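What follows is one structure encoded as structure tokens, with my remarks underneath.
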Amino acid sequence: MDYIKAFAVGGGICILGQLLIDLTKLTSARILVLFVVCGCLLGGLGWYDKLVDFAGAGATVPLPGFGNALAKGVKSEVDMKGFSGAFTGGLKSASAGITAAIVFAFLTALIFNPKEK
């Protein structure tokens, strides 16, 4: 049952993204930023955690999950260090995802030899 929940929520997020691409003039970059900001806002309000409890990886893997990780890191770091935690908490909590994105982008560029348009 956990797999079905994860698939339904993750698929729903993907459907929402596809609808935004098809029905609006938003660029894919703006949609990605919108998803991260929505995840951050919902995480800051404490609502995204309920979705994570329900769907597990279906809610943590997509981009709103990254925004939620940023919000959780900022909240915990502000509680520990005060105002300066607002600048460091998000990067600490999302550092694994950021590092993976950089490493895999580098490896992909080595394998596929990108060219300028």
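From a predicted model like this one, the values you see are computed outputs, not experimental measurements.
Contact detail for Ala55 and Lys5: the closest heavy-atom pair is CB-O, 4.0 Å. Listed here is the closest heavy atom pair of Leu70 and Ala94: CD2-CB, 3.7 Å. Of all heavy-atom pairs spanning Ala71 and Gly43, the tightest one is CB-C, 3.9 Å.
For the pair Leu42 and Leu51, the minimum side-chain heavy-atom distance is 4.5 Å or more. Pro64 is listed as a side-chain neighbour of Ile13, based on a closest heavy-atom distance under 4.5 Å. In this structure, Asn68 and Asp49 have side chains that are in contact, with non-hydrogen atoms separated by less than 4.5 Å.
Following chains of ILVMFWY side-chain contacts shorter than 4.5 Å, one cannot reach Val74 starting from Leu41, and the two form parts of different hydrophobic clusters. Following chains of ILVMFWY side-chain contacts shorter than 4.5 Å, one cannot reach Phe35 starting from Leu19, and the two form parts of different hydrophobic clusters. Phe66 and Val37 are not part of a single hydrophobic cluster, where members link through side-chain heavy atoms under 4.5 Å apart.
A donor-acceptor pair under 3.5 Å is absent between the side-chain atoms of Thr60 and the main chain of Gly65, judged by distance alone.
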Show the numbers, then the answer: is there a side chain to side chain contact (heavy atoms under 4.5 Å, CB included) between Leu34 and Leu20? CA-CA 10 Å; Leu34 177 70; Leu20 288 171; 4.0 Å; yes
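Atom-to-atom distance recorded for Ile21:CD1 and Leu16:CG is 10.0 Å, nearest 0.5 angstrom. In this structure, Thr99 OG1 and Phe104 CZ are separated by 11.0 Å, a value rounded to the nearest 0.5 Å. Taken to the nearest 0.5 Å, the CG atom of Asp53 stands 11.5 Å off from the OH atom of Tyr48. The CG atom of Leu45 lies 9.5 Å from the SG atom of Cys40; values are rounded to the nearest 0.5 Å. Leu91 CG to Ile98 CD1: the interatomic distance, rounded to the nearest 0.5 Å, is 5.0 Å.
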